[in-house]
Novice: 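What follows is a single structure, and I will ask about it in a moment.
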Amino acid sequence: MTTPDDRTADTAEKIFIGKGEHSAWLTLALANRHGLATGATGTGKTVSLQVMAEGFARAGVPVFAADIKGDLSGISELGETKDYILKRAADIGLAFQPDRFSTVFWDVFGEQGHPVRATVSEMGPLLLSRMMDLNDVQEGVLNIAFRIADEEGLLLLDMKDLRAILSFVAEHAGELTTQYGNVSKQTVGTIQRQLLVLENQGGDKFFGEPALDLKDFMRTDRDGRGMINILVADRLMQSPRLYATFLLWMLSELFEQLPEIGDPPKPKLVFFFDEAHLLFNDAPKALLEKIEQVVRLIRSKGVGVYFVTQNPIDVPDKVLAQLGNRVQHALRAFTPRDQKAVAAAAETFRPNPKLDTAQAIMQLGKGEALVSFLEGNGIPAMVERVMVRPPTARIGPITPEERKSIIDNSPVKGKYDTAIDSESAYEVLQNRLAGNSGGAGGVLGQIGGIVGTIFGTNTPRGKLSTGQLIARSVTRSVTNKVVGGVVADLGKSVGGSIGGSIGHAIVRGALGGLLRR
């Protein structure tokens, strides 16, 4: 047993993680260099995640983490002074003090937390294609649908909007083929069927408004501590592709929205990606390259990304090379793949002459880990075998009553809880089919009329008004950026998120989502 001292408490610059022969510290100024936590099921990864999340929150850094089994929800409640917790704290010289952390629960299905939504246009064609497992031809047609909607200011907010624009593409396949390439009704029909599968998995609840404002993730509480945002993912994990694509969308949104700040004294946000192997499974090469780009560059936005998975070989080498802070729990070498994972894990650490890393990985007990955090000028420290400190908040899930109380007192209560069905592509195109596009109302009705003029024959050529002639000329002649500016001016009269979506829809970022300016 070790006597408690100040060397086992967090400082303004470092988070105390655990202790072996030496204390293990995660330096806040290097925490945006990303990290990896691996280990077999039941070896303590969730506890290590909670310890890091608590440390970041105490330092005033907001945290986002997916909670696959519900175990992480206990971070919102006061820790318990159980014998095994007190013993572990005493063994590493830590003066244990129970604590709790300000927490916001989120849930794509809106059942155990605030609903999380994005618009179809914000998600973009690349990630939607990944979510629906489309082939190259189908992805190409989906890109055409987005291009048409973007150019004409048609809002793609929810699933019915996407279905409407796809139906429009199918109906005008012959006309569009000459301008955009081959478009077949059969391909559109296949995409529509995949949309149905996505809806059955819960995708229809994810797409819509009000869309998530990522600034709501980056809050501190009244004491200056970082808010801990927990995505309830037990049901979401039943649709692993939806789960992985959703988290990738969040990363891409952070990447696009946040300004460059270099290496701050502490991160602006830390993002824990549990079951990270789902992100990379069966991902096409082009998407993997985009993921690598986002992970590499988001560091300079002040965001640290920590992947949590069972084996380090689940993460591609180019991404693995970006993960400077490592926590490795026990692995068991029962199969050739397991043996490969142990060897790979051992090789990723800076060697310690006093430690056989590969052997130690197979000998670690529950709560023990091999750690190597960045130090100095970003150089990995030698690997150390440590006992991870106990979390100060509750370990394990909270009760439904406790969860309800937290949601009822949440700082974002009422902002996302009620869905909004705004006038968008579906309504505009429906009005056009009914012959009422001119009376759709306001700017959206005007945009619907322009769509009809360009792609249909609802107005004879000899009877076009001056405004229609200008609209046709502008749409066909100027660049996408100028078109975006024209539509943005129209969108200003609509106001709110709808107007913003119109104005910015054609400016897209690295992963195809809206690039907000």
Side-chain angles (χ1 to χ4, degrees), residues 10-17 24-38 48-66 101 214-220 224-231 247-274 276 279 290-309 312 315-328 348-350 371-381 509-511:
D10 295 347
T11 72
E13 294 83 27
K14 297 180 179 181
I15 301 171
F16 174 64
I17 301 297
W25 301 89
L26 175 55
T27 303
L28 288 167
L30 299 171
N32 66 323
R33 306 289 181 94
H34 310 318
L36 178 70
T38 55
S48 292
L49 191 160
Q50 183 169 336
V51 166
M52 287 190 283
E54 289 182 2
F56 283 121
R58 279 191 292 265
V61 178
V63 172
F64 172 86
F101 297 84
L214 292 182
K215 292 178 182 177
D216 285 329
F217 278 169
M218 306 177 71
R219 295 171 174 261
T220 54
R225 289 181 164 196
M227 298 288 293
I228 294 180
N229 299 274
I230 294 181
L231 175 69
L247 291 191
L248 182 55
W249 166 76
M250 288 187 57
L251 273 183
S252 67
E253 285 288 288
L254 288 166
F255 171 68
E256 303 293 3
Q257 291 185 33
L258 296 179
E260 294 277 344
I261 59 173
D263 289 322
K266 61 184 179 182
K268 295 182 67 175
L269 176 72
V270 171
F271 191 104
F272 289 96
F273 201 138
D274 203 359
L279 177 61
K290 295 292 187 182
I291 295 171
E292 177 197 348
Q293 177 190 18
V294 170
V295 172
R296 184 177 69 252
L297 298 179
I298 202 172
R299 185 195 82 182
S300 63
K301 308 292 184 87
V303 177
V305 182
Y306 287 70
F307 294 98
V308 183
T309 188
V315 181
D317 289 344
K318 288 185 178 180
V319 176
L320 198 62
Q322 308 295 324
L323 313 181
N325 298 295
R326 305 287 180 90
V327 178
Q328 175 68 60
T348 61
F349 285 106
R350 179 183 168 188
V371 301
S372 175
F373 297 123
L374 297 177
E375 60 183 9
N377 294 321
I379 300 172
L511 289 173

Novice: Would you call Lys290 and Ser252 a side-chain contact if the rule is heavy atoms closer than 4.5 Å?
Specialist: no
Novice: Dump the intermediate steps for side-chain contact (heavy atoms from CB on, under 4.5 Å) on Thr11 and Trp25, then the final yes or no.
Specialist: CA-CA 10 Å; Thr11 72; Trp25 301 89; 4.3 Å; yes
Novice: Could you list the residues that satisfy ring-ring contact (aromatic ring centres under 6.0 Å, His included) with Phe64, not counting sequence neighbours?
Specialist: Phe217, Phe271
Novice: Looking at every non-hydrogen atom in both residues, tell me the closest pair between Phe272 and Leu49 and how far apart they are.
Specialist: CD2-CG, 3.9 Å
Novice: With Glu13, which residues qualify under salt bridge (Lys or Arg N to Asp or Glu O under 4.0 Å), at least two apart?
Specialist: none
Novice: Look up atom CD1 in Ile298 and atom CD in Gln293, then write down how far apart they are to the nearest 0.5 Å.
Specialist: 11.0 Å
Novice: First locate atom CZ of Arg225, then atom OG1 of Thr220, and finally report the distance between them rounded to the nearest 0.5 Å.
Specialist: 12.0 Å
Novice: Out of Leu323, Val319, Val270, Leu320, which one pairs with His34 under the side-chain contact (heavy atoms from CB on, under 4.5 Å) rule?
Specialist: Leu323
Novice: Could you tell me if the side chain of Phe307 sits less than 4.5 Å from the side chain of Leu279, heavy atoms only?
Specialist: yes
Novice: Quick one: does any side-chain atom of Asn32 pair with a main-chain N or O of Gly304 as donor and acceptor, under 3.5 Å?
Specialist: no
Novice: Any idea which heavy atoms bring Ile261 and Pro264 closest together, and the distance?
Specialist: CD1-CG, 3.8 Å
Novice: Just how far is it from atom NZ of Lys318 to atom CZ of Arg296, taken to the nearest 0.5 Å?
Specialist: 9.0 Å
Novice: When you compare the side chain of Leu258 with that of Met218, does any pair of heavy atoms fall below 4.5 Å?
Specialist: yes
Novice: Kindly compute the distance separating CG (Leu247) from CG (Leu231), expressed to the nearest 0.5 Å.
Specialist: 6.0 Å
Novice: Residues two or more places apart in sequence or in another chain: which of them pass side-chain contact (heavy atoms from CB on, under 4.5 Å) with Arg219?
Specialist: Asp216, Met227, Pro411, Val412
Novice: Got a second to check how far Ile17's CD1 is from Phe373's CZ, nearest 0.5 Å?
Specialist: 4.5 Å
Novice: Once salt bridge (Lys or Arg N to Asp or Glu O under 4.0 Å) is applied, what residue pairs with a partner in residues 51-64 remain, sequence neighbours excluded?
Specialist: Asp10-Arg58, Glu54-Arg58
Novice: Donor-acceptor check, side chain of Ser372 to backbone of Ala381, threshold 3.5 angstrom: yes or no?
Specialist: yes
Novice: Would you say the side chain of Met52 lies within less than 4.5 Å of the side chain of Ile15, judging by non-hydrogen atoms?
Specialist: no
Novice: Hey, is the main chain of Gly324 close enough, under 3.5 Å, to the side chain of Arg33 for a donor-acceptor pair?
Specialist: no
Novice: I'd like to know if the side chain of Lys266 reaches the main chain of Ala59, judged simply by a donor and an acceptor atom lying under 3.5 Å from each other, with no hydrogens or angles considered.
Specialist: yes
Novice: Contact between Asn325 and Tyr306 at the side-chain level, heavy atoms closer than 4.5 Å - yes or no?
Specialist: yes
Novice: So, using salt bridge (Lys or Arg N to Asp or Glu O under 4.0 Å) as the criterion, who are the partners of Arg299 when residues are at least two apart?
Specialist: Asp263
Novice: Apply side-chain contact (heavy atoms from CB on, under 4.5 Å) to Thr27 and list each qualifying residue two or more places apart in sequence or on a separate chain.
Specialist: Lys14, Ala29, Leu30
Novice: Do Phe56 and Leu26 have side-chain heavy atoms sitting under 4.5 Å apart?
Specialist: yes
Novice: Distance from Thr38 atom OG1 to Gln328 atom CD, nearest 0.5 Å?
Specialist: 3.0 Å
